[in-house]
Number of protein chains: 2
Amino acid sequence: MDTDILYTHICSYVQISRDEFELFFKLFKPVYLKKGEFHYIAGKVPKYWSFTLKGCLREYWIDTGGNEKIFQFYEENTWVGQVESMIKQKPTDMNLQALEDCELLCITGDDMCNAAKTPWIQHFTIQKSFSDNAAIIENSNRIKSASPEELYLEILKERPSLLLRVPQHYIANFLGIRKETLSRVRKRIAHL
Amino acid sequence: MDTDILYTHICSYVQISRDEFELFFKLFKPVYLKKGEFHYIAGKVPKYWSFTLKGCLREYWIDTGGNEKIFQFYEENTWVGQVESMIKQKPTDMNLQALEDCELLCITGDDMCNAAKTPWIQHFTIQKSFSDNAAIIENSNRIKSASPEELYLEILKERPSLLLRVPQHYIANFLGIRKETLSRVRKRIAHL
DNA sequence: ATGATTTGTTGATCCAAGTCAACGATATTC
DNA sequence: GAATATCGTTGACTTGGATCAACAAATCAT
């Protein structure tokens, strides 16, 4: 198992030695998902907090009208999990599904809580929580205020890799528009 | 100064003694805002993290089109502040304005960081950050998926006090619709 | 390979909300 | 208490995106 990727990632939040990292790393186990499989589903408490090594996943919930709403896509080197739900042992309302064969590094809620007694891990957790918070707000604001065309151009600029691996109708869903509308937006943009 | 309100509030997150609380409480100072005044503005780093004792505030940002977008209203017994911005000394893009004369309890970013060395305060901070996180996601999801009428009915149910003290056009802005549309929604609902 | 499913495009129509404008009602201010 | 902002309602009109439907293209399964 190549530990470099996660080590590098964590170092972007906190300065730690390789040894400190290895102790933490021992708590993770690899999980492999086939395309289409679920890592957690609505109505249950997720088992793990996970780091994506390979693959792409979509996290969605079902709205009151019974429609799937994609909340987020996760690609390589991102964390995914329902921390609040695991801590409080409260079922999540999100579903996490692999869009490709995936390879994750997973830690249980309990192990994470214990690990958080270690100062640097606690610090990492807090930093991450705050920056997640800010990112969610920013993302939420963006979606609230932009037109479909602006949203698509933004995703084209910010996350071009997504567009190459995720079916368009999922992108449309994520942006809160119909697949037909996205198709037309793309056509309009191409003609510019 | 009546310390009961904040003490009770914090106890809903962590079990602490009155003495422990008083030590923490010493770090807060009262701030009074007149209707219309700003507690922080976009482009600067906010000075304080604040607990609302009295009054109502709106937090908004300016979108790329130059329009005000209300992100949240704050009433009594809620925390308001840009934690990420204070920690990283990075200017916020939010404005916080008093909609009524307000009374806040404020702690500086530095004092908060120091205080976070105390275990219960750190625990409180983490818990709050996680639950904020979950709340923001839920709110963002709601706004994404509901019709104006559903949104208004929800606010009517969840935060009826807001409707009594906040001008309707601010509510409309918060819901992401025009004031005329909200007026018509209200008319329709009244006729049911 | 071939049939079946998933995915993406295009056209026609509809409708909810935006826009513009006028006006009433309500607060604020001096 | 008159003058002035602010706030809320209503009407007429426009429009962007949803909806419905048909089909084309790509992918998958056996």
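Keep in mind that what you see is a predicted model, and the values were worked out from it rather than measured. A note on names: the letters A, B, ... follow the listed sequences, proteins ahead of strands, and every chain is numbered from 1.
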Apply salt bridge (Lys or Arg N to Asp or Glu O under 4.0 Å) to [X] and list each qualifying residue two or more places apart in sequence or on a separate chain.
X	answer
B/Glu59	none
A/Arg186	none
B/Glu76	B/Arg165

Tell me every residue that passes side-chain contact (heavy atoms from CB on, under 4.5 Å) with [X], counting only those two or more places apart in sequence or in another chain.
X	answer
B/Asp101	B/Lys34, B/Lys35
A/Gln15	none
A/Thr78	A/Thr52, A/Tyr74
A/Arg178	A/Glu180, A/Thr181

request  = Check the angle between the aromatic planes of A/Trp79 and A/Phe28 and answer parallel, tilted or perpendicular using the 30° and 60° thresholds.
outcome  = tilted
inquiry  = Once you measure the plane-to-plane angle for B/Phe124 and B/Trp49, does it fall in the parallel (<30°), tilted (30-60°) or perpendicular (>60°) bin?
reply    = tilted
key: Partner residues of B/Thr8 under the side chain to side chain donor-acceptor pair (under 3.5 Å) criterion, sequence neighbours left out   = none
request  = Shoot me the first and last contacting nucleotide of DNA chain C against chain A, ordered 5' to 3', at under 4.0 angstrom to non-hydrogen atoms.
outcome  =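 Range of nucleotides touched by chain A: C/dT7 to C/dA12.
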inquiry  = Using a 4.0 Å cut-off to any heavy atom of chain A, which nucleotides of DNA chain D are the first and last in contact, reading 5' to 3'?
reply    =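 Contact span on the strand: D/dG17 to D/dC28.
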ask   = Bend angle of the helix from C/dA1-D/dT30 to C/dC30-D/dG1 from five-pair axes at both ends, rounded to 10°?
value = 60°
message = Short of 4.0 Å, heavy atom to strand atom, which residues of residues 162-173 of chain A count as contacting DNA chain C?
response = A/Pro167, A/Gln168, A/His169
